[in-house]
Amino acid sequence: MKTIGVLTSGGDAPGMNAAIRAVVRTGAYNDMRTLGIIRGFNGLIHDEIQELDISAVGDILHRGGTILKTARSEEFKTEAGMQKAMEIIKKYGIEGIVVIGGDGSFRGARDLSRLGVPTIGLPGTIDNDIACTDYTIGFSTAINTVIDAINKLRDTASSHDRISIVEVMGRNAGDIALYSGIAGGAESIIVPELPFETDEICRRIIQGRNRGKQHSIIVLAEGVVLNKEISGTIELGKEIEAKTGLEVKVTILGHIQRGGSPTAFDRILASRMGARAVELLKQGIGNRVVGIRNNHIVDVEVEEALTMKRSFNQDLYRLAQILSM
Ligand code: F6P
C-alpha cells in the first residue's frame, strides 16, 4: 500500500490530532503517502483532500480539536454519496483509510471496507462509549476538564453552603460522570446506566451536612435527563432544593468538555492507536476497529465492535458510593 487517507468524523475529541500525526508519521516511516480528508466523509464526497507530509503534522500533538475538521455526513449514507466517495478514492489512488471517530463513523469504515477499500476505525470520542476499548481518545482530557470545573465549583459551593449539580456530556453513557465524580469527590453520581432515587441523594446530602460538610457536589450525566422521571437538570435541582431546604446551583458544562490540550494519556493512546492502524493497512488488512484492553493495543472486526455490548463499571460506581459517605 503506497497511499492512505485519514479523516476525523463525528464530534471532535482532544487527541485526534495526535492520532493524525501518528498515522502520517508511521505511514512515512513505512514509505506511505498520507492524504488528509477534510470534514470527514463529507470531504471525501466533495473532494476536499490535501496531502499531509511529516511537517504538516508538526506542532499539533498538544492541540485540541482536529486539524482535519470534522462533520457528521448524511449524504455518505446514501448510495449516491457512496458512489461519489468511491470516485474520489479512485481519483487520488487511495488504497486504505483511517477513520477517527465514534461508532457512527465506524459504520462508514465498514461500508468502505465492503466496497474493497481497507478501512480502519480509531475510537475518538470523549464519551468512552465504545465497547471494544477500555478507553477512547479524548475521554481522559474530558474528565480532567470536568474535575477542574468541580474543583472550582466546590470553592464557591462551600462559601455559600450550597449544593452544586454539574451536568456532564457522554450522550447515553455515564463514564464521564462516573470517572470525574470519583476523581472530583462528588457526593452523588447519576448515570443513565443505573436507576437512582432523589430521596437517597437528599439523604446523603443531609447526612453530610449533619457532620459539618459545607458543600455537596452531584455529577449528573446528560443521558439521564432524557428519561421520563426528570425533565431536566434544572428541575432536578428544584426538587432537591425543596427536599433539603438547601440552595442548589446547576452548571451545565457543555462543549468546554470537548476542547483543550490533550492529556499525556490521550496523546499516548492516540499515538499507539494511530500506529496500529497503519501497521494493519500496510498488511492490506481493513474492516477493523483498534482499541486498548489491559494496556494492550488490540483490533476487532468493525461489525463485532458495533454489536459488542458496553459494560458499565459497577465496581467503580459502588466504590464511589462508599468513598462519598
Ligand atoms: O459524542 C460527543 C458529544 O460531545 C456527546 O457527549 C454530546 O452528547 C454530543 O457529542 C454533542 O454533540 P454536538 O457537538 O453535535 O452538539
Side-chain angles (χ1 to χ4, degrees), residues 11 13-15 18 62 64 123-130 133-159 162-194 196 200-201 204-205 207-208 213-225 233 236 248-270 292-295 310-325:
H62 61 289
T125 165
I126 64 164
D127 299 336
N128 209 38
D129 60 351
I130 311 282
T133 185
D134 292 343
Y135 298 107
T136 55
I137 297 166
F139 174 65
S140 161
T141 309
I143 59 176
N144 277 286
T145 300
V146 176
I147 292 162
D148 184 47
I150 290 175
N151 291 342
K152 289 172 176 152
L153 289 167
R154 176 176 289 112
D155 289 345
T156 171
S158 297
S159 305
R162 283 172 176 158
I163 298 168
S164 191
I165 303 183
V166 189
E167 184 191 299
V168 300
M169 280 186 168
R171 208 177 286 274
N172 300 314
D175 278 26
I176 295 181
L178 175 64
Y179 283 71
S180 62
I182 289 188
E187 275 71 26
S188 294
I189 299 170
I190 311 176
V191 293
E193 290 87 348
L194 295 171
F196 77 98
E200 171 57 14
I201 290 168
R204 293 169 78 91
I205 291 169
Q207 179 181 286
K213 261 196 146 175
Q214 296 170 17
H215 55 257
S216 310
I217 306 285
I218 299 168
V219 181
L220 172 115
E222 65 175 353
V224 172
V225 299
T233 312
L236 176 69
V248 176
K249 292 286 174 186
V250 170
T251 305
I252 298 172
L253 286 186
H255 285 82
I256 196 162
Q257 294 159 96
R258 288 251 294 269
S261 180
T263 58
F265 184 89
D266 274 333
R267 295 181 199 192
I268 295 165
L269 180 67
I292 186 165
R293 281 205 208 121
N294 303 320
N295 203 22
R310 241 189 95 244
S311 64
F312 182 73
N313 195 332
Q314 305 246 5
D315 290 343
L316 213 48
Y317 184 81
R318 266 192 295 278
L319 176 66
Q321 284 190 311
I322 293 167
L323 300 183
S324 63
M325 276 297 190

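The shown structure was predicted, so the numbers you read here are calculated from the model rather than taken from an experiment.
In this structure, D148 contributes its side chain and N144 its backbone to no donor-acceptor pair below 3.5 Å. Between the side chain of D266 and the backbone N or O of I137 there is no donor-acceptor pair closer than 3.5 Å. One N or O on the side chain of T141 and one on the backbone of T263 form a donor-acceptor pair closer than 3.5 Å. Remark: side-chain polar atoms of T251 are not paired, donor with acceptor, to backbone N or O of V166 under 3.5 angstrom. Using a distance-only test at 3.5 Å, with no hydrogens or angles considered, no donor-acceptor pair links the side chain of E193 to the main chain of F312. Of the possible donor and acceptor atoms, none in the side chain of E167 sits under 3.5 Å from a partner among the backbone N and O of L220. Of the possible donor and acceptor atoms, one in the side chain of R204 sits under 3.5 Å from a partner among the backbone N and O of Q321. A donor-acceptor contact shorter than 3.5 Å is absent between the side chain of T156 and the backbone of K152.
In this structure, N313 and Y179 have side chains that are in contact, with non-hydrogen atoms separated by less than 4.5 Å. Looking only at side-chain heavy atoms (C-beta outward), N294 and D134 come within less than 4.5 Å of each other. M169 places a side-chain heavy atom less than 4.5 Å from the side chain of H255. Side-chain contact between D127 and D175 is absent, with no heavy atoms from C-beta onward closer than 4.5 Å. Considering only heavy atoms from C-beta on, L269 stays 4.5 Å or farther from F139 through its side chain. For the pair T125 and I130, the minimum side-chain heavy-atom distance is below 4.5 Å.
To the nearest 0.5 angstrom, E187 atom CD is 11.0 Å from I201 atom CD1. With values rounded to the nearest 0.5 angstrom, I143 atom CD1 is found 9.0 Å from F265 atom CZ. K249 contributes atom NZ, which lies 4.5 Å from atom CZ of R162 (distance to the nearest 0.5 angstrom). To the nearest 0.5 Å, atoms CG (L253) and CZ (R258) are separated by 13.5 Å. Between the CD1 atom in I165 and the CD1 atom in I218 there is a gap of 4.5 Å [rounded to 0.5 Å]. Once rounded to the nearest 0.5 Å, the distance linking CD1 of I176 with CD1 of I126 reads 4.0 Å.
In plain terms, the two heavy atoms of G174 and A221 that are nearest each other are CA-CB, 4.1 Å. In terms of heavy atoms, V224 sits closest to P192 at CG2-N, 3.2 Å. Closest heavy-atom contact between G184 and I147: N-CG1, 4.5 Å. Closest non-hydrogen pair, H62 versus P262, comes out as O-CD, 3.3 Å. The minimum heavy-atom distance between V219 and G181, with the atom names listed, is CG2-CA, 4.0 Å. In terms of heavy atoms, P14 sits closest to G259 at CG-O, 3.7 Å.
Heavy-atom neighbours of I256 CD1 from other residues, nucleotides or ligands within 6.0 Å: at or below the threshold of 12.
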Steps toward side chain to side chain contact (heavy atoms under 4.5 Å, CB included) verdict (L236, V248): CA-CA 10 Å; L236 176 69; V248 176; over 6 Å; no
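For the residue pair S261 / R267, a side-chain donor-acceptor distance below 3.5 Å is found, with atom types taken as modelled.
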